[in-house]
Each structure stands twice: as structure tokens, then as C-alpha cells.
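One structure below.
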Amino acid sequence: MSTVRTGPRDHTAPTGAPPGPATLDRVRSASTLLFVPADRPERFDKAAAAGAGLVVLDLEDAVAPDAKDAARTAAAEWVEAGNVCAVRINAAGTAWHAADLEALAPLDCAVMLPKADAGSIGSVVTALGADASRSDPNRTRAASAAYDGAVSRTDGTPLIALIETAAGVLDARQIAATPGVHRLAVGTFDLAAELVVDPTDREALAGTRQLLVLASAAAGLPGPIDGVTAAVDDADLLTDDAAYGRRLGFAGKLCIHPRQLPPVTAAFRPTEADIAWARAILAATTDSAGVAVVDGAMVDKPVVDRAHRILDLLDRLPFDTEDTK
């Protein structure tokens with residue numbers, strides 16, 4: 001009989017280990033990623049205590065040009081204090097991009113690259129310590145698993161590629177296949193502005209979302225991270241947006257306020273019906289079984305694989321509730 005894991009994994013890591021398992025696991029597992037302006041260090045600990053899967057200190061849109069240097073210093077000091085987080089740097093081609101990379105590359109944190117595309121991803125992962133020359137857009141999930149087993153994709157700083165331009169969308173497969181990249185995320189507002197569409201129009205951005213899901217799956221990455229819902233106090237809209245993303249294959253969502261965390265966390269949590277179904281499937285199958293019948297429906301390997309993945313999500317739930325140190 002297949003074994004169902006019921007408890008969380010141990011993701012602790014010593015402070016300063018570059019990059020530690022806690023950082024990498026949170027990047028790959030978080031369903032809620034909470035932005036905090038990096039020029040507001042008094043908010044960092046409050047954001048960490050709010051229960052996000054991953055706090056993202058923002059050096060880009062949330063920080064005025066004359067505050068960039070101080071914000072970078074504040075972010076680096078918080079990371080050096082042992083806090084697990086990601087830092088959204090300034091985009092390639094800006095005046096602050098190189099300094100952001102230089103400051104963060106030695107630290108145990110993740111980096112979120114805005115406006116990621118094929119033209120910027122290689123130099124960024126190289127600056128962060130990974131070997132971008134091994135990128136292979138034709139790599140299958142099985143090949144990615146073999147690669148992960150050999151080097152765990154941990155060489156260098158874990159990178160979240162924020163795709164928010166038309167070029168980035170079309171480059172998604174190559175970006176996802178780049179060593180050092182551990183999640184894709186979509187920036188719907190910037191992308192919608194370029195496409196001259198409403199960022200809340202799901203149909204207008206459906207193709208983009210589906211492409212990111214496919215690119216992530218083909219590269220063996222966790223499901224991508226959906227974009228921001230601007231309405232802070234509309235829990236019903238936020239829940240619906242998150243549920244829509246989950247139906248498409250997304251595994252997380254960017255958040256801009258702590259009040260958004262509970263409904264997003266709940267939306268990405270496996271339902272009780274899903275958990276009961278998965279446990280029933282695994283209880284009725286064995287490792288040697290080819291095809292079985294459960295409740296009158298055929299069960300073969302793809303069905304068993306889906307059951308395992310549903311239950312694997314339970315291992316990730318603590319990341320949206322536990323302390324971040």
C-alpha cells in the first residue's frame with residue numbers, strides 16, 4: 001500500500017548557509033508571497049509575523065529613486081540577521097540593477113527579477129552564481145528531475161522570474177529551463193499596460209497564464225505564482241481570483257497586504273474532498289498495481305500521480321503559517 005505523508009518536513013537551516021534549504025523550499029513551496037517596500041524596514045518584522053509563505057522585500061516599484069540605496073542596505077541587513085525572504089531587485093537596464101545583484105549575491109535570500117526575459121535572465125543567474133549556459137528549453141520533466149538529483153538546482157541564489165512583458169511571455173519556456181530559476185510569476189499590471197488590456201480581464205490574459213503553467217510543468221518547476229489583486233478589502237474577489245489561478249495550474253499568488261493572506265492561503269489549500277479522494281486512491285493501490293478500479297472509476301498511474309501531488313501539498317501548508325526565522 002502506498003504511504004501517505006502526514007507531517008511537515010524539517011526545513012530548518014543554519015543562518016548564513018548560501019542558499020539554505022529553508023530559503024529554497026520556501027521559494028518552491030510558498031502559496032502566498034507578500035510584498036513589503038524595502039525602504040520601510042519597520043514593516044519587515046510585521047510582514048514576517050503575518051504568516052506569508054514568503055516575504056518579498058521590494059526594491060523596485062515601491063521605492064522612489066532617491067531611496068533605492070538606503071532600501072538596498074536595509075534589505076541586506078534584514079537578510080543578514082537570519083530572516084528568510086526574497087528581494088525584488090530593479091530590472092536589468094536600470095541604474096540600480098548591478099548594485100542590487102552585487103549586494104544580494106553573497107546572501108542567503110532569494111531574488112525576484114522583474115521584467116524577466118531571455119535577454120536578461122542569463123546575465124542575472126550568472127551574477128547570482130548559477131551556470132546559465134546549461135539552460136535547455138527542450139528539457140523534459142524527467143530530465144529536469146535527473147538534473148535536480150545531480151545538483152539540486154541550488155548552485156547560486158534561488159531566482160523567481162517575474163514575467164510581465166510580451167517578450168517575457170514568449171520566452172517563458174527558456175526562462176523556466178534556466179538553472180537557478182525555481183519559480184515563474186506573472187506581473188499582470190505591467191503586462192496588461194503593454195498589451196493595452198484590462199489587468200482584471202481574465203480572458204485577455206488567459207493565454208499568458210496557461211503558457212506559464214505549461215512552461216513551469218515542462219521544466220519540472222512548481223506551479224507558477226499568479227499576479228496581484230489590487231482590491232485589498234474584497235475577500236470574495238480575492239478568493240475568486242486565487243481559485244481561478246489554481247484551476248489553471250497556478251500554485252501561489254502575489255499579495256500586497258497582510259489582509260490578503262488568509263483567503264489566498266485557503267484558496268490554494270487542497271479541499272477536504274480532494275484530500276479524501278487522494279487518500280482513497282492511494283489506499284486502494286499498490287506500487288505494483290497496473291490498473292485498479294475505485295468507486296467505479298479506472299485508476300492508473302496518472303491518477304495515482306495526481307493523488308500523490310494533492311497530498312504533497314499538505315507538506316507545504318506550514319510555510320503559510322510558521323515563523324520565518
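Between A91 and H97, the closest heavy-atom pair is O-CB, 3.3 Å. Minimum heavy-atom separation, G51 to T32: O-OG1, 4.4 Å. Residues L237 and A231 approach most closely at CD2-CB, 4.0 Å, considering heavy atoms. Scanning both residues, L104 and C109, for their nearest heavy atoms gives CD2-SG, 4.1 Å. For the pair A116 and A161, the tightest heavy-atom approach, listed with the atom from each and the gap, is CB-CB, 3.9 Å. Smallest separation of non-hydrogen atoms from V186 and L162: C-CD1, 3.7 Å.
The OG1 atom of T94 sits 8.0 Å away from the CD1 atom of I89 when rounded to the nearest 0.5 Å. Distance check: T165 OG1 to L170 CG gives 8.5 Å after rounding to the nearest 0.5 Å. Here E102 contributes atom CD and R72 contributes atom CZ; the two are 9.0 Å apart, rounded to the nearest 0.5 Å. Interatomic distance, S29 OG to L24 CG, rounded to the nearest 0.5 Å: 8.5 Å. Separating the CD1 atom in I225 from the CG atom in L212 is a distance of 10.0 Å, to the nearest 0.5 Å. Separating the CG atom in L261 from the CG atom in L238 is a distance of 9.0 Å, to the nearest 0.5 Å.
The hydrophobic cluster containing F250 does not contain L214, counting ILVMFWY residues as joined when their side-chain heavy atoms lie under 4.5 angstrom apart, directly or transitively. Residues I121 and L211 share a single hydrophobic cluster, defined by chaining ILVMFWY side chains whose heavy atoms lie under 4.5 Å apart. Linking ILVMFWY side-chain heavy atoms closer than 4.5 Å, directly or via other members, places L101 and V63 in two distinct hydrophobic clusters.
No more than 12 heavy atoms of other residues, nucleotides or ligands lie within 6.0 Å of CD in E203, so this atom counts as exposed by the packing criterion.
Here the side chains of D61 and D190 are in contact, with some heavy-atom distance below 4.5 Å. Between R246 and P270, some side-chain heavy-atom pair lies under the 4.5 Å cut-off. Two residues are said to be in side-chain contact when any heavy atoms from C-beta on lie closer than 4.5 Å; T229 and K253 meet this criterion. Looking only at side-chain heavy atoms (C-beta outward), Y244 and D240 stay at 4.5 Å or farther from each other. Taking the side chain as every heavy atom from C-beta outward, F35 and L254 approach each other to under 4.5 Å. Between V125 and L113, every side-chain heavy-atom pair lies at or beyond the 4.5 Å cut-off. With a 4.5 Å cut-off on side-chain heavy atoms, T208 and T188 do not count as touching. For the pair P258 and L34, the minimum side-chain heavy-atom distance is below 4.5 Å.
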Do K68 and D39 pass the side-chain contact (heavy atoms from CB on, under 4.5 Å) test, and can you show the C-alpha distance, the side-chain angles, and the key distance before you say yes or no?
CA-CA 8 Å; K68 297 282 190 183; D39 62 344; over 6 Å; no
Between I160 and L54, does a side-chain contact (heavy atoms from CB on, under 4.5 Å) hold up when you go through it step by step?
CA-CA 12 Å; I160 301 169; L54 186 66; 4.1 Å; yes
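Screening L57, L107, T73 for a side-chain contact (heavy atoms from CB on, under 4.5 Å) involving W78 leaves a single residue, L57. When N83, T157, T23 are each tested for a side chain to side chain donor-acceptor pair (under 3.5 Å) with D108, only one passes: T23.
Side-chain atoms of E164 come within 3.5 Å of backbone atoms of K115 as a donor-acceptor pair (strictly under, hydrogens ignored). Under the 3.5 Å distance criterion, the side-chain polar atoms of D100 are matched with a main-chain donor or acceptor of N90. Looking at R183, its side chain does come within 3.5 Å of a backbone N or O of V27 through a donor-acceptor pair. The backbone N or O of A166 lies less than 3.5 Å from a partner atom in the side chain of E194, making a donor-acceptor pair.
Partners of D66 by salt bridge (Lys or Arg N to Asp or Glu O under 4.0 Å), not counting sequence neighbours: none found.
Judged purely by distance below 3.5 Å, without hydrogens or angles, the side chains of S120 and D117 pair a donor atom with an acceptor atom. Side-chain atoms of W96 and D69 include no donor-acceptor pair closer than 3.5 Å.
Contact check on R202 versus D241 returns a salt bridge, with a Lys/Arg side-chain nitrogen under 4.0 Å from an Asp/Glu carboxylate oxygen.
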